[in-house]
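As structure tokens, the structure follows; a few thoughts come after it.
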Amino acid sequence: MTRRDAVAREEGAAGSWARIRRVVRRIPRGRVATYGQVAALAGLPGQARLVGYVLYAAATDGALPWHRVINAQGRISARGEGPGASVLQRLRLEQEGIPFDARGRVSLERWGWRPRPPRSGDARPGAGARARFLPG
DNA sequence: CGCGTGACTTGTA
DNA sequence: TTACAAGCCACGC
């Protein structure tokens, strides 16, 4: 297994992998984050691809809510392990109360994780109708 | 080191 | 809406 060495690495070394895992662990239930967002929060802006790679290796880690990480289009990215994991991911998100539209997409405007929400109010342009209510 | 590949993203057509 | 290209980092050969 090629990724196993990678897993051993993220467990031992405290590099980008550990940071990414740290961020993913912080994603609250009932919210979703994009790969790029996780990368940025981990102090690795623009390295969304690395996030996906890390999640692949950490897929067996039950303590890691990998299912809350989706791509910037609000869709679940397919992987090499077949559609099984993708379906499971969607089911888990729906189980947390996150709805999917007809095209299988999640509204990041409504369900996207906002770790540092800007003063909930009208101080920010474009922050009108959304961010009004929070799930859970 | 170089190359190809990958759970990505953004911009452009 | 889909398809490509360029850019990012890490891994295996």
Say you draw a straight line from CD1 of Ile70(A) to CH2 of Trp111(A); how long is it, rounded to the nearest 0.5 Å?
12.0 Å
Closest non-hydrogen atom pair between Val32(A) and Leu108(A), with its separation
CG2-CD2, 3.8 Å
Considering non-hydrogen atoms only, spot the tightest contact between Ala58(A) and Leu64(A) and give its length.
CB-CD2, 3.4 Å
Pairwise 5' ranking along DNA chain B for Val69(A) and Gln73(A), keeping only the more 5' one:
Val69(A)
Can you name the atoms? Protein N/O to nucleotides 1-8 of chain C N/O, anything below 3.5 Å, with the distance.
from, atom 1, to, atom 2, distance (Å)
dT1(C), OP2, Arg103(A), NH2, 2.9
dT1(C), OP2, Arg105(A), NH1, 2.9
dG7(C), O6, Arg49(A), NH1, 3.1

Given atom CD1 of Ile20(A) and atom C1' of dG6(B), what is their separation to the nearest angstrom?
14 Å
With sequence neighbours left out, write down each residue that passes salt bridge (Lys or Arg N to Asp or Glu O under 4.0 Å) with Arg90(A), or none if nothing qualifies.
Glu94(A)
Which heavy atom of Arg92(A) sits nearest a heavy atom of Trp66(A), and at what distance?
NH1-NE1, 3.6 Å
Under 3.5 Å, N/O pairs linking protein and nucleotides 11-13 of chain B:
none

Nearest heavy-atom pair of Ser86(A) and Ser77(A): which atoms, and what distance?
OG-O, 3.9 Å
Within the supplied structure, the quantity of interest is the number of heavy atoms (other residues, nucleotides, ligands) at a distance under 6.0 Å from Arg75(A) CZ; does it exceed 12?
no
Could you tell me how far apart Tyr56(A) (OH) and dG12(C) (C1') are, to the nearest whole angstrom?
14 Å
Atom OH of Tyr35(A) to atom P of dC8(B): distance rounded to whole Å?
6 Å
Could you report the tightest heavy-atom contact between Leu50(A) and Ser16(A), atom names first, then the distance?
CD2-CB, 3.8 Å
May I have the distance from Leu88(A) (atom CG) to dA7(B) (atom P), rounded to whole angstrom?
17 Å
Rounded to the nearest Å, what distance is computed from the CG atom of residue Leu44(A) to the P atom of nucleotide dC8(B)?
17 Å
Calculate the interatomic distance between Arg90(A) atom CZ and dA7(B) atom C1'; express it in whole Å.
17 Å
Options dA10(C), dA7(B), dC11(C), nucleotide nearest the side-chain atoms of Tyr53(A)
dC11(C)
Hey, does Ser86(A) reach any base, or is it just sugar-phosphate, or nothing, if we go heavy atoms under 4.0 Å?
nothing
From the list Gln89(A), Gln95(A), Glu96(A), side chain to side chain donor-acceptor pair (under 3.5 Å) partner of His67(A) resolves to Glu96(A)
Using a heavy-atom cut-off of under 4.0 Å over every strand shown, decide if Ala85(A) touches base, sugar-phosphate, or nothing.
nothing
Within this structure, what is the CH2-to-P distance between Trp66(A) and dA7(B), rounded to whole angstrom?
14 Å
Report the distance from atom CD1 of Ile27(A) to atom P of dA7(B), rounded to the nearest whole Å.
19 Å
